Amino acid sequence: MKIIRSESFAAVRHGWVALALFAAVVAVFGGSSRFDAIQLAALRPLAALFLIPAIYFFARDRVADFRTPLVLLLLLAGWMAVQLIPLPPGIWQSLPGRGPEAEMGAALGMNDIWRPISMVPSRTLNALASLIVPITGFLLVASLGANRRTLILLIVAIGSANAALGLLQIVGGNPDPLYFYEITNRGSPVGFFANHNHSAVLSALTLVAIAYSIAMPEMGFSEALPRIGLGALFLLVLLAALVGGSRAGLLTMVLALLASGFLLWLAVRVFAHKRIRHGGQTEIRLKAHWILALAAVAIVGIVAVFISADRIPALERVAASGSFEDLRWGLLPTLGTMILSYGLLGSGFGSFEEVYHIHEPDSLMISSYVNMAHNDWAQLLIEGGIPAIAILVAFCLWLFRTLASTPWSGPAGFGRLVFWLSVGAIIAFGSLVDYPLRAPLFQLVAVWLVALLCVERATFRDGR
C-alpha cells in the first residue's frame, strides 16, 4: 500500500495554521466531558475534517518519532471496540459483575441474547467516537512536523485564552452568553470548559508552560519583549487561577508556582553565568538577581492581597468545616466494590454513570447525581479493566524511558526534568480528584504535551 505524503515542505512549515485552527475548534466545542453535550455534534465531524491534512502530509520519517504513544492510543481505541463485540450468552454471563443483568434477562425470558463486555454499549460507542479529537490532534503534530516552539506557544495560547475568558465570565455584567454549556459552574471562571476544576488544572499547566518557555534558551524567547509578553500572560493566568473556586485548582496552582519559581531561578543563574563569562561581572549578576527578586515579590504580593481580601474562593472552601467530608470521600468504598466487580475486563468505557446505580448505597442517594467517579484512575480500572491499566503502564514505562534518554545534566537539563515532572504531577493529581482528561479540550492539550516530549527526545537524539 502506497503511503500518501506531500512533497510540499513549504506547506508543512506553515502547519501551525492548521494546528491553531484545530485548537480553536476544540476550544469552542470541546470543553465538556458529558456524553450528551450538543456541541459534540459539531466537534467530531469538524475534528474528522482535520484528518485530511494529517493524512495528506503523512510521512513515515516524521511519524516515527511519535510511534509508541500513537500505537498506545490506537490500542486504547481497539480495546474500546473489543468491548462492543457481542459475546455468546454463556461467556458474558460468566463475566464478573454481570449477575444482576443476567438475572433480569432470565426473568424477562431474554437470557439467550448475545451481549458485549460493555454493560452500556451506547456509552462505550460514544467514548470510542470521542477519541477522534486526541488522535487527530496527535497525528496533525506528527504529520506537519511541528517544532517545540510551536507546540509550547499553542499550549500557552489555549491556556491564556481560557484564563481571559474565565475572567470575563466573572466581571461581566451579563455573563450568561459567555458560558458555553447548560450544565456548568456559573459564577466561576470556567473559560472554555463546563467544569471549573478542568479549567483550573489547565491554568496550572499553562503557568508551568510559560515559565518553561522563558527559562529554556532553546525555545527562542531570549529577547526582552517576548519575555515581557509571556510574563504578562503568566499574571493573567495566575489571576484567573486565584479567583477560581476549585480546590484541586488551588493545590495544582501551588505546585505550578513552585515549579515556575524554580525554572526561573535556574534561568537567571544561567543568564548571569553567561554574562559574567563575557565580562559582565557583578553588575549583571545583581541585575539578574534583582529581576528574579522583583518577580517573586510581585507574585507573592498578588497572592497575599487576594488572601487578605478573602478573594480566593477555593481557599475558603478548603478552610470550611467539613470540606473534606464531601461526596468524593464517601464514594471511595463504593468505588472499591466496583473495582472488585469489574476490574478484570471492565464494565465498558463511558458506562460508569449507569453501572454506579447498581452499587449506589442508600446513604449517598441525594438530590444531585453521580455521573463520574471523581477519581479517573479508579474509573479507568472500573470501565477498562486490566487491559486499560496495561496500556497505562506501558505509557508510563515509555514516559520514564523517554525522560531517562533526554539529557538533564546542567541547569537547562535539570529545568527540563523539573518541567516534565511538574506536568505529570499536575495531571496525575487533577485526575485523582476529578476527571479533566475526559474533556476533549484537555485531551488535546495532553496529547500535545506528549508530542512535545517526543519532539524534544528527537531533537536531542539527532543533535538538532
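Heavy atoms only: backbone and side chains are in, while hydrogens, waters and symmetry mates are out. Model, not experiment: these values are computed from the prediction.
Side-chain contact between Val433 and Leu251 is absent, with no heavy-atom pair separated by less than 4.5 Å. When side chains are defined from C-beta on, Leu43 counts as touching Pro440, because their heavy atoms get closer than 4.5 Å. In this structure, Leu392 and Trp377 have side chains that are in contact, with non-hydrogen atoms separated by less than 4.5 Å. Taking the side chain as every heavy atom from C-beta outward, Val26 and Leu46 never approach each other to under 4.5 Å. A 4.5 Å side-chain heavy-atom check between Leu380 and Phe349 finds at least one atom pair inside the cut-off.
Nearest heavy-atom pair, Ala146 versus Leu151, reported as atom, atom and distance to 0.1 Å: CB-CG, 4.3 Å. Here the shortest heavy-atom pairing between Leu72 and Ile391 reads O-CG2, 3.8 Å. Contact detail for Met119 and Tyr342: the closest heavy-atom pair is SD-CE2, 3.5 Å. When all heavy atoms of Leu381 and Gly343 are compared, the pair lying nearest together is CD1-O, 3.8 Å. Nearest heavy atom pair, residue Ala163 against residue Val237, reads CB-CA, 3.8 Å. Taking each heavy atom of Ala211 and Leu264 in turn, the nearest pair found is O-CD2, 4.2 Å.
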- Message: Evaluate Phe419 against Met216 for side chain to side chain contact (heavy atoms under 4.5 Å, CB included), listing each step before the verdict.
- Response: CA-CA 10 Å; Phe419 170 72; Met216 294 295 104; over 6 Å; no
- Message: Evaluate Arg148 against Glu456 for side chain to side chain contact (heavy atoms under 4.5 Å, CB included), listing each step before the verdict.
- Response: CA-CA 7 Å; Arg148 287 183 292 169; Glu456 282 201 343; 3.0 Å; yes
- Between Phe193 and Phe180, does a side chain to side chain contact (heavy atoms under 4.5 Å, CB included) hold up when you go through it step by step? CA-CA 8 Å; Phe193 292 92; Phe180 294 177; over 6 Å; no
- Please step through side chain to side chain contact (heavy atoms under 4.5 Å, CB included) for the pair Ile210 and Ser260, ending with a clear verdict. CA-CA 8 Å; Ile210 293 174; Ser260 299; over 6 Å; no
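Remark: Arg123 is positioned above the aromatic ring of Phe35, its terminal NZ or CZ atom under 6.0 angstrom from the ring centre and at most 45 degrees off the axis.
Remark: the backbone N or O of Asp65 is paired with a side-chain donor or acceptor of Arg457 at under 3.5 angstrom. Remark: the backbone N or O of Gly385 is not paired with any side-chain donor or acceptor of Trp79 at under 3.5 angstrom. Remark: the backbone N or O of Leu178 is paired with a side-chain donor or acceptor of Gln169 at under 3.5 angstrom. In this structure, Ser405 contributes its side chain and Thr402 its backbone to a donor-acceptor pair below 3.5 Å. In this structure a side-chain-to-backbone donor-acceptor pair under 3.5 Å is missing from Glu354 to Val120. Judged by distance alone, with hydrogens and angles left aside, the side-chain atoms of Asn185 form a donor-acceptor pair with the main-chain N or O of His196 at under 3.5 Å. Proximity of a side-chain donor or acceptor of Gln443 to a complementary backbone N or O of Pro134 within less than 3.5 Å is not detected. When atom types are taken as modelled, the side chain of Thr136 and the backbone of Ala48 share no donor-acceptor pair closer than 3.5 angstrom. A donor-acceptor pair under 3.5 Å links the side-chain atoms of Gln83 to the main chain of Leu345, judged by distance alone. The backbone N or O of Ala373 lies less than 3.5 Å from no partner atom in the side chain of Tyr435, so there is not a single donor-acceptor pair.
With hydrogens and angles left out, the side-chain atoms of Asn195 and Arg34 include no donor and acceptor closer than 3.5 Å. Judged purely by distance below 3.5 Å, without hydrogens or angles, the side chains of Asn162 and Ser199 pair a donor atom with an acceptor atom.
Relative orientation of the Trp265 and Phe262 rings is tilted, given thresholds of 30° and 60° on the angle between their planes.
Between the CG atom of Leu452 and the OG1 atom of Thr150 there is a distance of 10.5 Å, given to the nearest 0.5 Å. Residue Trp420 holds its CH2 atom at 14.0 Å from CZ of Phe400, rounded to the nearest 0.5 Å. Note: Ser118 OG to Ile85 CD1 = 12.0 Å, rounded to the nearest 0.5 Å. In this structure, the separation between OG on Ser130 and CZ on Arg44 is 5.5 Å, given to the nearest 0.5 Å. In this structure, OG1 in Thr68 is found 11.0 Å from CG in Leu397, a value given to the nearest 0.5 Å. A distance of 8.5 Å separates CZ in Arg438 from OG in Ser33, rounded to the nearest 0.5 Å.
Taking a 6.0 Å sphere around CD1 of Ile38, one finds it holds 12 or fewer heavy atoms contributed by other residues, nucleotides or ligands. Counting heavy atoms of neighbouring residues, nucleotides and ligands inside a 6.0 Å radius, atom CZ of Arg186 exceeds 12 of them.
Among Trp448, Phe138, Trp398, the one residue that satisfies the ring-ring contact (aromatic ring centres under 6.0 Å, His included) test with Phe66 is Phe138.
Leu417 pairs by the side-chain contact (heavy atoms from CB on, under 4.5 Å) definition with Trp408, Phe414, Leu421, not counting sequence neighbours.
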